[in-house]
Amino acid sequence: MKSSLTTIAKHPSISLLKSCTTMKELKQIHAQLVVKGILNHPHLQGQFVATIALHNPTNLNYANQILHHQCHHPTLFTLNSMIRAYSKSTTPHKSFHFYSKILHFNNLSPDHYTFNFLVRTCAQLHVHVTGVSVHCALIKHGFEHDPHVQTGLIFMYAELGCLNSCHGVFEGVVEPDLVSRTAMLHAYAKCGDIEFARKMFDEMPQRDFIAWNAMITGYAQCGRSRDALSMFHLMQMAGVKINEVSMVLVLTACTHLGALDQGRWAHAYVERYKLRMTVTLGTALIDMYAKCGSIDKAMEVFWGMKEKNVYTWSSAIGGLAMNGLGEESLDLFNSMKQDGVKPNEVTFISVLKGCSVVGLVEEGRKHFHSMRTLYGIDPQLEHYGLMVDMYGRAARLEEALIFINSMPIKPHVGAWSALLHACRMHKNKELGELALEKIVELEDKNDGAYVLLSNIYADYMNWEKVSSLRQTMKAKGVKKLPGCSVIEVDGEVHEFFVGDKSHPRYDEIELKLEEIFRCLRLSGYVANTSPVLFDIEEEEKEDALGKHSEKVAVAFGLITLKGVPIRVVMNLRICWDCHNVAKMISKIYDTEIIIRDRSRFHHFKKGDCSCKGYW
DNA sequence: GTAGGGTTAG
């Protein structure tokens with residue numbers, strides 16, 4: 001018996017399996033096993049099914065069929081492998097089918113592996129009751145104290161947003177180690193308590209590179225990108241090993257900050273230390289370059305990547321669209337399909353942006369419909385919002401309204417906001433009023449909507465309406481989100497909030513701003529004070545406008561960055577006056593200015609902007 | 001022969 005087992009384990013089919021890439025090859029081996037009548041050998045069956053199921057997610061159905069039709073007595077190992085494979089798939093709920101099989105066979109009963117994989121499934125599913133039932137089941141079967149299962153549970157409850165439950169599980173861990181502590185740190189960060197996560201990190205008896213990475217992730221995910229970068233520098237100083245995951249995190253932080261210099265530094269670091277260029281790392285690089293205004297470099301990285309997944313393609317398509325290169329983004333979408341990569345809902349967000357930015361309405365409609373007909377993807381609110389935006393930019397406001405009214409789901413703030421933006425762009429007061437009404441119905445403190453409508457009134461010099469809108473905002477307690485702009489100089493990130501004078505070189509900046517406005521006025525600049533809602537004198541309005549964070553950041557850029565393009569990232573949409581000023585500065589000071597606002601890039605050069613006045 | 005912590009696009 002022993003010898004026959006060894007023979008089977010060393011069966012050439014098994015070693016062949018590992019290098020199998022195509023379905024055809026797998027089927028050949030499958031046929032051999034069936035012909036030789038050894039598929040039901042417990043050991044071999046497990047190996048075969050597990051290898052197929054885990055090798056490639058598209059093989060899962062095949063593994064499932066084999067199990068269903070040809071394995072009459074599946075082993076625990078085989079069924080566990082199926083649960084494991086489904087827990088990582090896009091249909092994790094199917095894991096439960098195999099769990100019930102384990103319960104159904106009298107000779108089988110779930111073990112610690114079963115529950116470990118099942119807990120992963122629940123984390124993927126994001127269904128609280130299911131998670132809790134699995135937790136109860138594993139207690140019943142006596143695996144509550146298994147350290148692997150416990151860590152899995154902490155991870156699962158973190159995914160479900162139940163910090164208390166994470167805590168409960170962690171308290172039951174007899175000897176917390178590096179792994180369970182890191183899982184807990186991750187849970188705190190994931191559930192929004194970053195300070196406590198940090199406390200936990202600081203109090204850890206030892207920390208390895210994964211613990212550091214988890215802490216950096218925590219900062220990056222709650223929007224504290226600067227802290228994420230500082231943490232990375234501390235990690236370097238502590239002499240901890242830095243791997244490609246750390247660099248993905250650094251790049252993500254750079255992307256959010258628009259910190260191109262530090263992003264370039266990270267790229268150089270990856271090359272110098274020959275870190276593994278994984279798909280994730282490559283994608284993070286593409287996204288960083290694209291969102292920091294260096295789209296050529298982004299595409300260079302993109303074309304240099306051997307392996308690309310749907311994230312990689314979507315990033316590149318979205319990056320091109322964001323940089324105003326709509327046609328190129330659509331070409332790339334075609335290449336993606338030719339490459340056999342199936343687009344998902346995020347890809348279509350990028351594609352629709354590409355259509356919208358160059359006004360390709362018919363093409364956009366075609367892609368929108370293909371989502372459901374060709375790919376079985378139900379459009380989400382974002383997709384509807386982008387369609388409205390597309391009609392709106394193309395000055396087809398009535399069609400935009402018809403589109404909104406024909407939505408099968410209740411139109412959201414985003415759809416109406418897209419219409420309102422279009423109304424501002426094409427100066428349509430009546431539709432603008434309707435859009436605001438709808439937005440306020442849904443979200444009565446939406447500052448952006450009030451500001452936009454008041455801008456429309458201001459375009460018509462209807463100051464009475466501007467002022468009455470201002471009163472309404474006051475009465476309802478609507479507060480404008482303070483503008484903030486970020487600029488990177490010599491690898492250091494400077495943040496400017498509107499009205500904040502705390503920057504150490506603020507006096508110099510103020511002098512520079514005065515100089516800029518003197519030059520601008522000589523060239524015929526008249527401030528467009530319409531975005532200033534306050535009930536103040538014209539001169540003061542101009543002053544408030546002059547202190548918009550993007551202007552302060554650009555002024556600082558002019559002082560510090562001689563002959564280098566000025567790159568600014570801001571949190572709001574750029575206002576019309578700042579847009580105008582940036583155009584003029586680019587001409588008068590003969591400098592390139594690249595501003596990334598909430599929705600897109602503006603490349604200012606020789607008095608013009610790449611957005612051609614549409615944003 | 002299976003398992004625990006960190007990563008990418010909106």
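Proteins come first, then strands; the chains are lettered A, B, ... in the order of their sequence lines, and each starts at number 1. All values derive from a computational prediction rather than experimental measurement.
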Task: Atom-pair distance (CZ on A:R598; P on B:dG10), nearest Å - done: 14 Å

- [ ] Would you mind telling me which of B:dT7, B:dA3, B:dG10 lies closest to the side-chain atoms of A:V248?
- [x] B:dT7

- [ ] Compare the minimum distances between each of B:dG1, B:dG4, B:dA9 and the side chain of A:V346, then state the nucleotide with the smallest one.
- [x] B:dA9

Open item on the list: The side chain of A:E345 is closest to which nucleotide in this list: B:dG10, B:dT8, B:dG4?
Closed with: B:dG10

TODO: Would you please confirm or rule out a distance under 4.0 Å between OP1 or OP2 of B:dA3 and any side-chain N or O of A:K88?
DONE: no

TODO: Please confirm whether any donor atom in the side chain of A:N243 sits under 3.5 Å from an acceptor in the base of B:dG6, or the reverse.
DONE: yes

Open item on the list: Does either side chain, that of A:D389 or that of A:H421, offer a donor lying less than 3.5 Å from an acceptor on the other one?
Closed with: no

- [ ] Could you list the residues that satisfy side-chain hydrogen bond (donor to acceptor under 3.5 Å, both in side chains) with A:E271, not counting sequence neighbours?
- [x] A:H267

- [ ] When you get a sec, tell me which of B:dG10, B:dG1, B:dA3 is the closest nucleotide to the side chain of A:F77?
- [x] B:dG1

- [ ] Measure from the side chain of A:S180, starting at C-beta and using heavy atoms only, and say which of B:dG4, B:dG1, B:dT8 lies closest.
- [x] B:dG4

Open item on the list: By nearest atom, which of the nucleotides B:dG6, B:dA9, B:dA3 is closest to the A:T283 side chain?
Closed with: B:dA9

Task: Length of the CZ-P vector between A:F155 and B:dG4, whole Å - done: 11 Å

Task: Any donor-acceptor N/O pair, A:D287 side chain to A:T252 backbone, under 3.5 Å - done: no

- [ ] Measure the distance from CG on A:L178 to P on B:dG5 and round it to the nearest whole Å.
- [x] 12 Å

Task: Length of the line joining A:I216:CD1 and B:dT8:P, which is rounded to integer Å - done: 13 Å

Task: Donor-acceptor pair (no angle test) under 3.5 Å: A:D208 side chain, B:dG5 base - done: yes

- [ ] May I ask you to check whether A:S180 and A:T151 show a side-chain donor-acceptor distance below 3.5 Å?
- [x] no

- [ ] Indicate, yes or no, whether a donor-acceptor pair under 3.5 Å links the base of B:dG4 to the side chain of A:D177.
- [x] yes

Task: Atom pair distance, as rounded to whole Å: CG in A:L285 and C1' in B:dA9 - done: 14 Å

Task: Minimum-distance nucleotide (side-chain atoms of A:V310 versus B:dA9, B:dG4, B:dA3) - done: B:dA9

Task: A:H148 ring over B:dG4 six-membered base ring, under 5.5 Å and 30° - done: no

TODO: Just call it for A:A220: base, sugar-phosphate, or nothing, with non-hydrogen atoms closer than 4.0 Å on any strand.
DONE: nothing

Open item on the list: For a quick test of reading the model: is some side-chain N or O of A:R181 closer than 4.0 Å to OP1 or OP2 of B:dG5?
Closed with: no

Task: Separation of B:dA9 P from A:L281 CG (nearest whole Å) - done: 13 Å

Open item on the list: Would the base of B:dA9 count as contacting A:N344 through its side chain, where contact means a donor and an acceptor less than 3.5 Å apart?
Closed with: yes

Task: Out of B:dG6, B:dG5, B:dG10, whichever nucleotide has its closest atom nearest the side chain of A:A183 - done: B:dG5

- [ ] Please check if any side-chain donor atom of A:N116 sits under 3.5 Å from a side-chain acceptor atom of A:N80, or the reverse.
- [x] no

Task: Contact under 4.0 Å: A:Q221 side-chain N or O vs B:dT7 OP1/OP2 - done: yes

TODO: Check every strand shown and say whether A:N80 touches a base, only sugar-phosphate, or nothing at a heavy-atom separation below 4.0 Å.
DONE: base

Task: A:D227 versus A:S230, side-chain donor and acceptor atoms under 3.5 Å - done: no

Less than 3.5 Å apart, which donor and acceptor atoms pair up between the side chains of residues 194-204 of chain A and the rest of the protein, not counting sequence neighbours?
from	atom 1	to	atom 2	distance (Å)
A:E195	OE2	A:R224	NH1	2.8
A:R198	NE	A:D202	OD1	3.2
A:R198	NE	A:D202	OD2	3.3
A:R198	NH1	A:Y219	OH	3.1
A:K199	NZ	A:E203	OE2	3.4

- [ ] Report yes if at least one side-chain N or O of A:R84 is closer than 4.0 Å to OP1 or OP2 of B:dG4; otherwise report no.
- [x] no

TODO: Check every strand shown and say whether A:T151 touches a base, only sugar-phosphate, or nothing at a heavy-atom separation below 4.0 Å.
DONE: base

Open item on the list: The side chain of A:H186 is closest to which nucleotide in this list: B:dG6, B:dT2, B:dT8?
Closed with: B:dG6

Open item on the list: Rounded to whole Å, please give me the gap between CE in A:M288 and C1' in B:dA9.
Closed with: 15 Å

TODO: Give A:G318 one of three labels, base, sugar-phosphate or nothing, depending on what nucleic acid heavy atoms sit under 4.0 Å from its own.
DONE: nothing

- [ ] Could you tell me the separation between the NZ atom of A:K308 and the P atom of B:dA9, rounded to a whole number of Å?
- [x] 18 Å

